[in-house]
Amino acid sequence: MTHRKIGFFDVEGSCYVAKPGRWRGKYVISEDGDEIAEKLCTTLHENEEDACAEGLTLGIAAARKLMKDREGFDPGDE
């Protein structure tokens, strides 16, 4: 699992075994310990590392959009 702070949000990218030999990424966005968004990625990957990276990348994009919608600015990906 990987973690990144984006604006007010904490983004966690992780993955799980979707079927034998295939991994699926996911992300969770939280604020002050409360989960506000979770999503499973659609792409199946052959390894855990790629799946987790996709989860984090999509989570960062979603958190940036939340900041833009809520606060009116994009904090970037870091």
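The structure displayed is predicted, hence computed values, not measured ones.
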For the atom pair [atom1] ([X]) and [atom2] ([Y]), what is the distance rounded to the nearest 0.5 Å?
{"X": "Lys65", "Y": "Asp74", "atom1": "NZ", "atom2": "CG", "result": "11.0 Å"}
{"X": "Cys52", "Y": "Glu12", "atom1": "SG", "atom2": "CD", "result": "11.5 Å"}
{"X": "Lys5", "Y": "Ile60", "atom1": "NZ", "atom2": "CD1", "result": "13.5 Å"}
{"X": "Asp50", "Y": "Cys41", "atom1": "CG", "atom2": "SG", "result": "12.0 Å"}

Evaluate side-chain contact (heavy atoms from CB on, under 4.5 Å) for Leu66 paired with Ile29, printing each intermediate quantity in order. CA-CA 10 Å; Leu66 282 171; Ile29 299 172; 4.1 Å; yes
Go through the steps for Leu44 and Lys19 under the test side-chain contact (heavy atoms from CB on, under 4.5 Å), then give the verdict. CA-CA 9 Å; Leu44 291 177; Lys19 63 183 191 177; 3.9 Å; yes
Minimum-distance pair of heavy atoms, taken over all atoms of Pro75 and Met67: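 Nearest heavy atoms, Pro75 then Met67: CD-CB, 3.6 Å.
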Any idea which heavy atoms bring Cys15 and Trp23 closest together, and the distance?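 Looks like SG-CE3, 3.8 Å.
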Any Lys/Arg nitrogen of Lys26 or Glu54 sitting under 4.0 Å from an Asp/Glu carboxylate oxygen of the other?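 No, no charged N to carboxylate O under 4.0 Å.
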Please check if the number of heavy atoms outside Glu49 that lie under 6.0 Å from its CD is greater than 12.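 Open: at most 12 neighbouring heavy atoms sit under 6.0 Å from CD of Glu49.
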Can Arg22 and His45 be said to form a side-chain contact (heavy atoms from CB on, under 4.5 Å), step by step? CA-CA 5 Å; Arg22 296 293 204 176; His45 296 273; over 6 Å; no
Shared hydrophobic cluster, Ile6 / Leu58 (ILVMFWY, side-chain heavy atoms < 4.5 Å):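 In one cluster: yes.
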Indicate, with yes or no, if Val17 and Val28 share a hydrophobic cluster defined by side-chain heavy-atom contacts under 4.5 Å among Ile, Leu, Val, Met, Phe, Trp and Tyr.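 Val28 and Val17: separate clusters.
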Reference residue Phe9; test side-chain contact (heavy atoms from CB on, under 4.5 Å); the match among Arg4, Arg64, Arg70: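 Passing option: Arg70.
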List the steps and the verdict of side-chain contact (heavy atoms from CB on, under 4.5 Å) for Tyr16 and Arg24. CA-CA 6 Å; Tyr16 65 95; Arg24 186 180 307 268; 2.9 Å; yes
